[in-house]
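Worksheet for the structure shown next.
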Amino acid sequence: MTPEEELLEQIPENARGEDFQSASNFAKFFVQLYPELFKSGDAELFATLSAPSCEFCESALESYEAFAASGDNYTGGDIQTPDPAQFTGGLQPDGTWLVQFPMEIEASATTSAAGAPVGTTQPASVRTAVALEFTDGRWMVLGINSEKQA
């Protein structure tokens, strides 16, 4: 098995098909990878699943690289979503897929390697849209847009 195939094995089985339910499960899986970048120190899967055109993904990976270089520690920030059966969207006229859903982002804290506070975020409710493409037998993230909810 190649290193890429080993990475792709981490994708849940229910997120591997080319249909809206799989797209929804994949979108949930992908957004939940974001805080894990900063907790696990491993950006390889996130990068593999991100299309080169995904501006959000590029920004997230740049943020991760700066974070990793700083030696800081990250806690919290977990993402909760409703059951993917409640997600909306579908196949678009251009052949891409759109998956929309609300999500809750927990508060987070960043501390320096020495334990000094660096920054915090407050919990947030956001409406998220994930643009996907199914190519070469797997999903790729084309873009993510989130809007804070009141």
Side-chain angles (χ1 to χ4, degrees), residues 1-110 119 121-149:
M1 187 175 292
T2 68
E4 182 173 322
E5 289 170 335
E6 288 178 9
L7 280 175
L8 297 177
E9 284 293 313
Q10 296 177 48
I11 299 169
E13 191 68 38
N14 66 359
R16 296 182 187 181
E18 188 177 3
D19 56 50
F20 184 69
Q21 191 59 53
S22 290
S24 297
N25 291 327
F26 180 85
K28 176 180 179 170
F29 170 74
F30 187 82
V31 297
Q32 291 177 334
L33 282 178
Y34 179 77
E36 294 306 315
L37 285 173
F38 302 94
K39 293 177 184 180
S40 72
D42 184 4
E44 199 171 4
L45 181 59
F46 190 93
T48 298
L49 301 176
S50 301
S53 62
C54 178
E55 293 175 15
F56 169 85
C57 304
E58 181 180 338
S59 175
L61 290 166
E62 287 173 1
S63 294
Y64 164 74
E65 288 174 17
F67 174 83
S70 73
D72 291 346
N73 297 300
Y74 179 84
T75 58
D78 290 339
I79 294 174
Q80 306 300 319
T81 69
D83 184 300
Q86 299 175 34
F87 291 12
T88 60
L91 182 61
Q92 304 300 293
D94 65 0
T96 63
W97 294 76
L98 179 66
V99 180
Q100 299 171 304
F101 53 96
M103 62 185 200
E104 298 293 323
I105 305 171
E106 295 176 356
S108 68
T110 304
T121 64
Q122 296 302 310
S125 296
V126 297
R127 180 89 182 144
T128 301
V130 180
L132 301 169
E133 180 177 53
F134 195 82
T135 184
D136 297 328
R138 66 184 176 100
W139 294 106
M140 290 289 293
V141 177
L142 303 174
I144 297 180
N145 185 23
S146 293
E147 181 178 298
K148 282 193 177 184
Q149 301 295 294

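Every heavy atom of this structure was used, including side-chain atoms; hydrogens, water molecules and symmetry mates were not.
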Quick note, side chain to side chain donor-acceptor pair (under 3.5 Å) partners involving residues 10-32, not counting sequence neighbours, are Glu13-Arg16, Asp19-Ser22
Pairs in or reaching into residues 77-102: which pass salt bridge (Lys or Arg N to Asp or Glu O under 4.0 Å), with residues at least two apart or in two chains? Lys39-Asp78
Run the side-chain donor-acceptor check on residues 98-109: report pairs under 3.5 Å with partners two or more places apart or on a different chain.
from	atom 1	to	atom 2	distance (Å)
Glu104	OE1	Ser125	OG	2.7
Glu104	OE2	Ser125	OG	2.9
Ser108	OG	Thr121	OG1	2.5

What I want to check is whether the side chains of Ser70 and Asp72 have a donor and an acceptor closer together than 3.5 Å. yes
Check whether any side-chain heavy atom of Cys57 sits under 4.5 Å from a side-chain heavy atom of Phe30, and report yes or no. yes
How close do Leu49 and Phe29 get, counting heavy atoms only, and between which atoms? CD1-CE2, 4.0 Å
Residues, nucleotides or ligands: over 12 heavy atoms within 6.0 Å of Glu147 CD: no
Any idea which heavy atoms bring Thr128 and Ile144 closest together, and the distance? CG2-CG2, 3.9 Å
Quick one: CD on Glu65 to CG on Leu37, what's the gap to the nearest 0.5 Å? 10.5 Å
Side-chain touch Phe26/Val141, heavy atoms, less than 4.5 angstrom: yes
In short, Leu142 meets Ala51 closest at the heavy-atom pair CD2-CB, 3.8 Å
Restricting to ring-ring contact (aromatic ring centres under 6.0 Å, His included), what partner residues turn up for Tyr34, sequence neighbours left out? Phe38, Phe56
Got a sec, which residues hit ring-ring contact (aromatic ring centres under 6.0 Å, His included) with Phe134, two or more places apart in sequence or on another chain? Trp139
Quick one: which residue pairs count as a side chain to side chain donor-acceptor pair (under 3.5 Å) with a foot in residues 43-64, not counting sequence neighbours? none
Sidechain-backbone polar pair: Thr96 side chain, Gln92 backbone, donor-acceptor under 3.5 Å: no
Could you check whether any side-chain heavy atom of Asn73 comes within less than 4.5 Å of a side-chain heavy atom of Thr110, counting everything from C-beta outward? no
